[in-house]
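Reading through the C-alpha cells given below for one structure.
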There are 2 protein chains.
Amino acid sequence: MNVDFRTHPDRYRHWRLTVDGELARLGMDVDEAGGLGPWELKMNSYDLGVDIELYDAVQRLRFEHPEVKAVIVESLKERIFCAGANIRMLGCSPHPDKVNFCKFTNETRNGIEDASRTSGQRYLAALNGNAAGGGYELALACDHIVLVDNGSATVALPEVPLLGVLPGTGGLTRLVDKRFVRRDLADVFCTIEEGVKGQRAVDWRLVDEVVPTSRFDETVLERARELAATSDRPDSGPGIELTPLERERSDTEIVYRHLRVDLDRELRTATIVVAGPDEAPPDDGAGLVERGAASWLLATIRALDDAILHLRTNEREIGTWLVKTAGDPDLVVAWDRFLLDHADHWAVREVIAYLKRTLRRLDETARTVFALVEPGSCFAGSLAELALAADRTYMLEGGFSEVDLPDARLRLTGMNLGPLPMDNHLSRLATRFWGRDDALGRVEALVDKDLDAAEAEEAELVTFVYDEIDWEDELRLALEERASFSPDALTGMEQNLRFPGPETLETKIFGRLTAWQNWIFTRPNASGPEGALQRYGTGLRPEYDRTRT
Amino acid sequence: MNVDFRTHPDRYRHWRLTVDGELARLGMDVDEAGGLGPWELKMNSYDLGVDIELYDAVQRLRFEHPEVKAVIVESLKERIFCAGANIRMLGCSPHPDKVNFCKFTNETRNGIEDASRTSGQRYLAALNGNAAGGGYELALACDHIVLVDNGSATVALPEVPLLGVLPGTGGLTRLVDKRFVRRDLADVFCTIEEGVKGQRAVDWRLVDEVVPTSRFDETVLERARELAATSDRPDSGPGIELTPLERERSDTEIVYRHLRVDLDRELRTATIVVAGPDEAPPDDGAGLVERGAASWLLATIRALDDAILHLRTNEREIGTWLVKTAGDPDLVVAWDRFLLDHADHWAVREVIAYLKRTLRRLDETARTVFALVEPGSCFAGSLAELALAADRTYMLEGGFSEVDLPDARLRLTGMNLGPLPMDNHLSRLATRFWGRDDALGRVEALVDKDLDAAEAEEAELVTFVYDEIDWEDELRLALEERASFSPDALTGMEQNLRFPGPETLETKIFGRLTAWQNWIFTRPNASGPEGALQRYGTGLRPEYDRTRT
C-alpha cells in the first residue's frame, strides 16, 4: 500500500475549488473511475482518495485564502449531493483499512468545524439533492445546512437499515450532541432508509432550512453572505501558498527539510526526529506571511502531519513511534514568544491551529508513542508538546560520552498552558495532572525554566530517567516488550489512558462512536460472507445472527 | 442458558458476609469447584456466579443493614486477594457471554461506588496478597485501598501483556479518572505483568497505603472505623429484609407479583408490564421499613431488576423490549410525593437509589426499548422514567373501543427532575432536551399536569401518537422492521444516541472502555485459535497479527 496525502487543486479529480472574494465554493464532482481501488465511485460516493482532496482543499482555504469568510460545500452533479462512503470500497477493504479511512474522514470533518470555530471560516452545506450517510455527515460538520425542497431530496443515515453498520463519521454524535436532535427522533431517523425531506427535516432539526428549487441558489448565496458577516477574517490577502511539500523516501527512511523518519522493521519502530528552528522568528504576522510555507514552523508542521498520515496508512506494522527533537531550545522559545505575542494575526492563528490539529492527530493515532529526550534536543514549549503527547517519555541524565552536545533539557512555555488543547479541550499538561490541581500548579510555576533530567522527573514531566550506562539497554527492553504485545490491546489501552477528564464532541467521536463502529466492522453481521456489507447490491438480503450483545 | 440472579447469603458458595455493628466484612473465598461452567475457579478468580453473590451482598448490606457504615472487602484465602476474572472462562465463553459478564460486573462495581456516594456505606479494600486484573479492579471501586507490604504482594493489571485484552471492568478508566494516576505511569503499570508493590504502589497512586503484615489487620480495622465515621447512616436498625423474590416462569411468560413479561419468540419481543401501586404509600420512612420488601415500590423495583438481568442473560435473541404500565397514576403520584417528602430517611434514600440503578441498567441494556402508553396505564413520575428511558415512546390517542379503561395519560412529577439521574448524571428529561434549555423549561412547567396524547406530543414527551385504527398496524410494522436490522448495529446506535451531553466515569466505562474491549474480544489476536485467551496456560505464546489498527 502506498497512499500519498500530498495533492493540489490542479490535480484534483473529484472536487472543484473556486474563490470569489469572501466566498469560496467547494464543488463535489466525484470521478466514477477515480477510485483508489476496484470500485466505481457512483453518485458522488467517496473513498480515501476523494477525502484526501477534501482535506487538502480545507487546508488551502485556511492558509491561501485569508479573505475567504465562508465556504459553500455543494455538489456539481444534478439532484444528488453525496451518497457517502463507497459501499463496495467498505465491503472489500480489510478491517484496518476501514478503520484508518474512518479516522481520516473524521479528522477532516473535525477540521471543518475547527476552521469555523477557530479561524472564522464558516461552512455552509448546500444540499441540492439526496445527502445520504457520509454525505449527510459532511453536511453535519458545516455551520448551516440548506436542503432543496423539490419533493424528493432527503437527508438520510441509512447505515443501520441498509448496511448493518453505524453512521460512524460523527453522524450519531453530531445528531444528538451538536444539532440537539431529540434522541427518540434520532433513533427513528437512523432507521429510515429513504431519509427525511421537506419541513419534517427542519422540524426534527436535521437541517436548518428547506428551500424550493427556484430560490435555492439565491438562498444559498444569501446565507453564505450572512455567515461571512460573522467572520473576523481579514478582507484581503495575501495568503500563504502551500507550496509542494518535498520529501525523499527509501525503504528505511523518509526525509523532509525539518523532519526525518527512520524505520526499523525488525523492532517495528519509526524514529521521528523533528529539527528545531534554523531561523529566528519573524517580527510580526506579516513577516510570517512573507516567509510563507518555507518558514521553519509551518514547514515542520506540514512535514509532521504528512509523516503521521503516511506512517498510519502505509506502515501498519510499525507499532511504536519514537519521537526525538534536535536543535536549539532557545530558538524554539523565541518562536513560541512570537506565536503568543502575535496570536491575533490571522496567519499566526492558522499556524497555531494547524499545530493543534496535528498534535491531536498524534493523540488519536493507534500507535505507541514514546518521546526520547536526549542531549542536543529541543523539547521546549511547542515541541515539548510532543513529549506530553507521548505514552511515555524517557530522558537521559547527563550526556553521551562520545558526543559533544548540550545535556538534555526540558522547558515549558506559555504554549503549554492552553493554546494547543487536546480533543478533550484541555491542555496536555492539564490532562497529565487531571484531578491534581496542586501538581498542575507546581508545574505551571516552572514555565520558562530550563529543567535537567532530575528536575523534570521531580516535576513529573517525564516517565523514566536513565544515565548513559542504562539508556540503551532499558530502551531496547521497553521496545522489545512493547513489540511483543497484542496490537489491538495496545490500541484500546492507549485510547483509554490518553483521555482522562471531560469528553467532548471530538473525544466522543473517536472514543465512543469509533470504538463501537470498529466492533461492528469486525462482526460477521457486517463483514462476514453473508453480512450486510458483502450482500449489499447483490439482491440478496443479509443473514444475521440474531443474538443481541 | 439459564442463570438465576436470585440468591441469599445462606446459599453463597464464594463469599462470607459478616456484620459486627457499624462494620461489615465481605470475605472472598471462591469455591474452585463452584464455577458456572467447566472451569476451576483457582486463586479467588471469579465468573458470573461469583459476581451474582457479590451483587446480592452489596444489595443486602444497603437494605438489611442500615447500621453498617463501612464494609471491608477481604480475602479469606492466604496471601492472595483475588486473581480477577477466570481466564479459562473468558477463553471458552462465546462473545455475547463475555460482553454480558463484563456489563454485569461493571454494574456491580458502579453499585459499590453508589453505596458509598449515595448511601454513605463506605468500602475498604484490604489486600492481603496479590490483587490482579479484576481483583484489583474490585479494589479500585472501593473508597480506600490498603495493600499488605510483605515483599511480594502486588496490585496488577496484567491483561494487556498476559491476555491481549483490556482491564475492562473499569480498570483503565478508574486509574486515570478516579485515582488520577498519571497517564504515562498508568501506561507502564498496565504493561507490568507482575504488578507493582510496596511504596511504589503508593507513589503511583495505585493504593492508598501499604502496611506491614504485623500491622495489617489492625490498620484495616482502624481505617474502616475512620471511614465509618464519615457516614451519615443511622446507628441502629431495623433494616429491610430482602425476602425471596417470587416468580413463576414458563417458556412464554415470567410473572412476579407486580410485573409480568410476555415473550413473543417469532417477533423477538418481550412485553414487560409494570403494575402500579396496589396500596397507598406509608406515612413516613419508618412505615416503609415496616412494610419491608413487600411494599409495592421495592417489590416492583426488585422484579424489574431481576427481569432485566434474566432477559439480558437468558433471552439473547429477544431483541426488543416493550414496556407498559397498568394501574392508577394518582397512586404513583402519591408514592412519588412520599419519596420526595421523606428522601432524607435512609430507607427512602435506598429505594430511590435502587430505582435509579435499575433504570440505569435499562439505559445500558443492549436491547431496543419501546414504551407503549395505552389506556389504563400509569406512566406518571417514577414510572414515566420507563418511557423516558425508551428509545421510542408510542402513545394511543383516545381509547380502545372494546375496553373500558381511562384514556392514556402521561404525568411528570418532581421525581423526573433530578432524583433519578442517568449514568451521565443528568435526568432523563435533561438528556432528552440536551442543548435545548427552552424546551426543557417548557416541559418542567408541566409537572403534575395530566397530559393526553396530543398534549404529550406537543410537549415532545412521546415519539409517535396513533389512534386506535392505526395503532396495531403501525406497531407491528415498527417491530418487524426493528427485528430485521443487524443486532450489532442496533446496539452501537442505541449506545451512541442514548447518552448525549456530558460523560462521566460511568458513561466512559460503558461507552468507551467497554466498546474497545468488545472490539478486542472479537479480534483473532485475543479470541482466535492462536490468540492470547486461547493460548493462556498452554505454554504456547500467542501469535499476533502485527497490524496496528
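Side chains included, hydrogens not; waters and symmetry mates left out as well; all remaining heavy atoms used. The sequence lines fix the lettering, A, B, ..., with proteins before strands; numbering per chain opens at 1.
- Atoms OH and CG, from B:Tyr394 and A:Asp184 in turn, are 9.5 Å apart once rounded to the nearest 0.5 Å.
- Looking only at distances, no side-chain donor or acceptor of A:Lys508 sits under 3.5 Å from a matching main-chain atom of B:Asn496.
- For the pair B:Arg523 and A:Ser486, the minimum side-chain heavy-atom distance is 4.5 Å or more.
- Contacts of B:Leu388 with chain A are made by backbone atoms alone, with heavy-atom separations under 4.5 Å and no side-chain atom involved.
- With a threshold of 4.5 angstrom between heavy atoms, B:Ala390 approaches chain A through N, CA, C or O but not through any side-chain atom.
- For a residue to count as touching a neighbouring chain, one of its non-hydrogen atoms must lie under 4.5 Å from one of that chain's; by this rule A:Ala186 touches chain B with backbone and side chain alike.
- Looking only at side-chain heavy atoms (C-beta outward), B:Asp488 and A:Tyr544 stay at 4.5 Å or farther from each other.
- When heavy atoms are compared at a cutoff of 4.5 Å, A:Phe510 approaches chain B solely by way of its backbone atoms N, CA, C and O.
- Checking side-chain atoms of B:Trp434 against main-chain N and O of A:Arg182 turns up no donor-acceptor pair under 3.5 Å.
- Heavy atoms of A:Arg205 lying under 4.5 Å from chain B belong exclusively to its side chain.
- Scanning both residues, B:Leu497 and A:Cys190, for their nearest heavy atoms gives CD1-SG, 4.5 Å.
- Both the backbone and the side chain of B:Thr507 come within less than 4.5 Å of a heavy atom in chain A.
- Residue A:Glu315 does not touch chain B at all, counting heavy-atom pairs closer than 4.5 Å.
- Of the atoms belonging to B:Val181, not a single heavy atom falls under 4.5 Å from chain A.
- In summary, A:Arg183 and B:Glu494 do not engage in a salt bridge, as defined by a charged side-chain N under 4.0 Å from a carboxylate O.
- Salt bridge status for A:Arg498 with B:Asp187: absent, with no side-chain N to carboxylate O gap under 4.0 Å.
- Heavy-atom pairs under 4.5 Å with chain A peak, among B:Gly531, B:Pro167, B:Ala483, B:Ala532, at B:Ala483.
- Two residues are said to be in side-chain contact when any heavy atoms from C-beta on lie closer than 4.5 Å; A:Trp516 and B:Asn518 meet this criterion.
- Neither the backbone nor the side chain of B:Gln517 comes within contact range of chain A; no heavy atoms are under 4.5 Å apart.
- Using a 4.5 Å cut-off between heavy atoms, B:Phe180 touches chain A through backbone and side chain atoms alike.
- Contacts of B:Arg541 with chain A are made by side-chain atoms alone, with heavy-atom separations under 4.5 Å and no backbone atom involved.
- Looking at B:Ala439, neither its backbone nor its side chain comes within 4.5 Å of chain A, counting heavy atoms on both sides.
- With respect to the salt-bridge test (charged N to carboxylate O, under 4.0 angstrom), the residues A:Glu503 and B:Arg512 qualify.
- At least one donor-acceptor pair under 3.5 Å links the side chain of A:Asp177 to the backbone N or O of B:Gly501.
- Here the side chain of B:Thr491 pairs a donor or acceptor atom with the backbone of A:Thr549 at under 3.5 angstrom.
- In the model, B:Arg392 has a side-chain atom that pairs as donor or acceptor with a side-chain atom of A:Thr191 under 3.5 Å.
- Atom NE2 of A:His95 is separated from atom CG of B:Asp545 by 10.5 Å, given to the nearest 0.5 angstrom.
- Of the N and O atoms on the side chains of B:Thr368 and A:Arg548, at least one donor lies less than 3.5 Å from an acceptor on the other residue.
- Only the side chain of B:Leu166 comes within less than 4.5 Å of a heavy atom in chain A; its backbone stays farther off.
- Taking the side chain as every heavy atom from C-beta outward, A:Val160 and B:Leu490 approach each other to under 4.5 Å.
- Interface remark: B:Asn100 contributes no atoms to any contact with chain A (heavy atom separation under 4.5 Å).
- In terms of modelled atom types and a separation under 3.5 Å, the side chain of B:Thr547 and the main chain of A:Glu317 share no donor-acceptor contact.
- Listed options A:Asp391, A:Leu185, A:Leu505, A:Thr522 were ranked by heavy-atom pairs under 4.5 angstrom with chain B; first place goes to A:Asp391.
- With a threshold of 4.5 angstrom between heavy atoms, B:Val99 approaches chain A through side-chain atoms but not through N, CA, C or O.
- Residue B:Leu163 does not touch chain A at all, counting heavy-atom pairs closer than 4.5 Å.
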